[in-house]
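Everything on this sheet refers to the single structure shown next.
Everything numeric in this text was worked out from a predicted model, so none of it was measured. Atoms within each ligand, like the ligands themselves, are counted from 1 in listed order.
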Amino acid sequence: MPASSLESIVSLSKRRGIIFPSSAIYGGLGSTWDYGPLGVELKNNVKRAWWRSVVHERDDMEGLDAAILMNRLVWKYSGHEATFSDPMTDCRVCRARPRADHLFLAQKGREPKGLPEINAAIAARELKCPKCGSTDLTEARPFNLMFKTTVGAVDTGDESALAYLRPETAQGIFVNFGNVLDTMRRKLPFGIAQIGKAFRNEITPGNFTFRTREFEQMEIEYFVKPGEDEAAHQAWIDARTAWYHDLGLRPENLRQREQEKHELAHYAKRCVDLEYRFPMGWSELEGIANRTDFDLLAHSRGPSNPDSLEELRYFDPEQKKHIVPYVIEPSAGADRATLAFLCDAYEEALVKEPPEAETAKLKELVGSFARSVEKRDKLDPDVKARLLASAAAIEAGLPGTLPALLGLGDDPEANRIEVFKKVRGVADKLGEEFTRTVLRLDPRLAPISAAVFPLKKNEPRLVELARSIKRDLQAEGIHTVYDDTGAIGKLYRRQDEIGTPYCLTVDFQSLEDGTVTVRDRDTMAQQRAGRGELAALVKPKRRAPR
Ligand code: ATP
């Protein structure tokens, strides 16, 4: 079972150097995160896998790395200055400022058709403040999501120096369409891929790295002749779905969702979202849209755009005339993909059964925790029901449910119940000995590919051999670490938690015959292998599907 709560991923990430809250020593900055030593490896592997698949392994794609700061006119003609906004309303009673479209969806059970429909509902007092319940809400107004900055040494105070941090990487591709077409002598169909930071002043960031104000996108603009757009669109939907499957995302946790007519941008012909079943529910991982000729036309010189210096079009040698290509846009988030891979790979498992007496003691404690929850009259009824259901399922299934009990340890509501401290004390102790957390990441994504340990750190010959094996593997381009900071069992657990597919232990037999013990993360099976075989064995490759 993949992670059942985001808290377990947040806590593992913090504990093991994957993702930290940003600027924590100054109290942090809401919803901003820093990728730590292992997180940067993981995210880089995700980005590399994407680049390899959509640029290197295809014959119809080019790469690009455009600037974050662009001429402001880009955002004028793309439509972002006028329309890239969320509708906000203010509660006149408690001063909360919720997103009005979210209120509409949550309280009326469907997406609103537009701002007028939202405002009609507000005027009819049909929407309530999510904080205080009042229906005294102001008319919803659009709030632009672009971050503003100024360019140049002097802040003139007027708008001449105004620039935006790009809210998407796509526009950098459109304005370079002509450059890539000419310099690479491309014929349609062809595409341009780009990975880079994007910034949105999101009103409701949250769910860890799922929605942040600074994030990284992996975007493709694929240019085709009009008429060939629908087939190309479907091919990209299939290819992108296959990419997630190939990297180990469980098929039952990934789905394609066809956007409904009223959700589509006015210029889009069709859009399919790839959604992942995150612990908080099905949510967008990637959007794949047929944007027709909207973007290239918008940036082309003409009556509606006197500022552009170019016409973004293509000379079709067959028709012997200029045409404006259609564009298919598979637009993914590097952070969301990384989070999905983390959630999907996360597993807490029982490795052996604790003694019966220990299990019985734990059962009794979980029972008294449930009784204590039951007695709490002031507890929110939903929280109460959730805690009682978890406790009942855990109590019935112990010791097999010990990992679930450890997961409950990340739940702040459970921790508010006094007796849970005792439950945790016993569970944590048993967890140390009888369970393990393992990240079953595809080896091509794992932050570290192999870890080498000497059986004894005060035995120089073992240390030297282990270190030289690490150097051998590193020379083969395999990211390998050396570690001697604990007993072998502890070192295995640590590597399991960060998803290292192989651990290699150098022992006294290694000194005699040159073989080492290779331990597999997923099966925990151990085999001996000669030094010369190691690189082929541990080189990152595709795992058989789970
Ligand atoms: P959402 O509906 O979740 O706000 P969106 O439809 O606005 O997303 P797009 O503009 O299509 O998103 O951006 C493409 C991709 O960029 C998304 O599928 C997502 O993976 C990523 N992305 C967008 N906004 C954010 C964000 N605030 N934080 C992290 N990733 C994001």
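Atom numbering of ligand 1 starts at 1 in the shown order; those under 4.0 Å from a heavy atom of S331 are 13 (O), 14 (C), 15 (C), 18 (O). Atoms of ligand 1 lying under 4.0 Å from any heavy atom of E202, numbered from 1 in the order shown and given with element: 24 (N), 26 (C), 27 (N). Which parts of ligand 1 touch L285 is read off a 4.0 Å heavy-atom cut-off, strictly below it: atoms 18 (O), 20 (O).
In terms of protein heavy-atom proximity, atom 21 (C) of ligand 1 is closest to G333 CA, 3.8 Å. From the protein, the heavy atom lying nearest to atom 28 (N) of ligand 1 is T212 N, 3.0 Å. With hydrogens left out, the protein atom closest to atom 29 (C) of ligand 1 is F210 O, 3.1 Å, a heavy atom. Scanning all protein heavy atoms for the shortest distance to atom 18 (O) of ligand 1 gives E284 OE2, 2.6 Å. Among all non-hydrogen protein atoms, the one lying nearest atom 4 (O) of ligand 1 is R211 NH1, 2.6 Å.
Using a cut-off of 4.0 Å between Lys/Arg side-chain N and Asp/Glu carboxylate O, D136 and R125 are scored as salt-bridged. With respect to the salt-bridge test (charged N to carboxylate O, under 4.0 angstrom), the residues D411 and R386 qualify. A salt bridge links E117 and R110; the closest N-O separation between the charged side-chain nitrogens and carboxylate oxygens is under 4.0 Å. Residues E216 and K47 are paired through a salt bridge, judged by an N-O separation under 4.0 Å between the basic side chain and the carboxylate. For R301 and E310, the salt-bridge test fails: no basic side-chain N is under 4.0 Å from an acidic carboxylate O. Under 4.0 Å is where a charged nitrogen must lie from a carboxylate oxygen, and between R257 and E284 no such pair does.
For F215, no nitrogen or oxygen atom sits less than 3.5 Å from a nitrogen or oxygen atom of ligand 1, counting backbone and side chain alike. Residue-to-ligand polar distances place R336 within reach of ligand 1: an N/O pair is separated by less than 3.5 Å. Close N/O approach between E219 and ligand 1 is not found [any backbone or side-chain N/O within under 3.5 Å].
Within the cation-pi definition used here (under 6.0 Å to the ring centroid, within 45° of the axis), R141 does not qualify as a partner of F143. Under the 6.0 Å distance and 45° angle rule, R72 does not count as a cation-pi partner of W75.
The part of E286 lying near ligand 1 is the backbone, judged by heavy-atom distances below 4.0 Å. Contact annotation: for R200 versus ligand 1, heavy atoms closer than 4.0 Å belong to the side chain alone. With a 4.0 Å heavy-atom cut-off, ligand 1 is reached by no atom of D273.
Taking 4.0 Å as the cut-off, Q217 counts as a neighbour of ligand 1 on heavy-atom distance. Using a 4.0 angstrom heavy-atom cutoff, D335 does not count as in contact with ligand 1.
E286 and S331 form no side-chain donor-acceptor contact under 3.5 Å, judged by distance and modelled atom types alone.
Across Q495 and T500, no two heavy atoms sit closer than the pair OE1-OG1, 2.6 Å.
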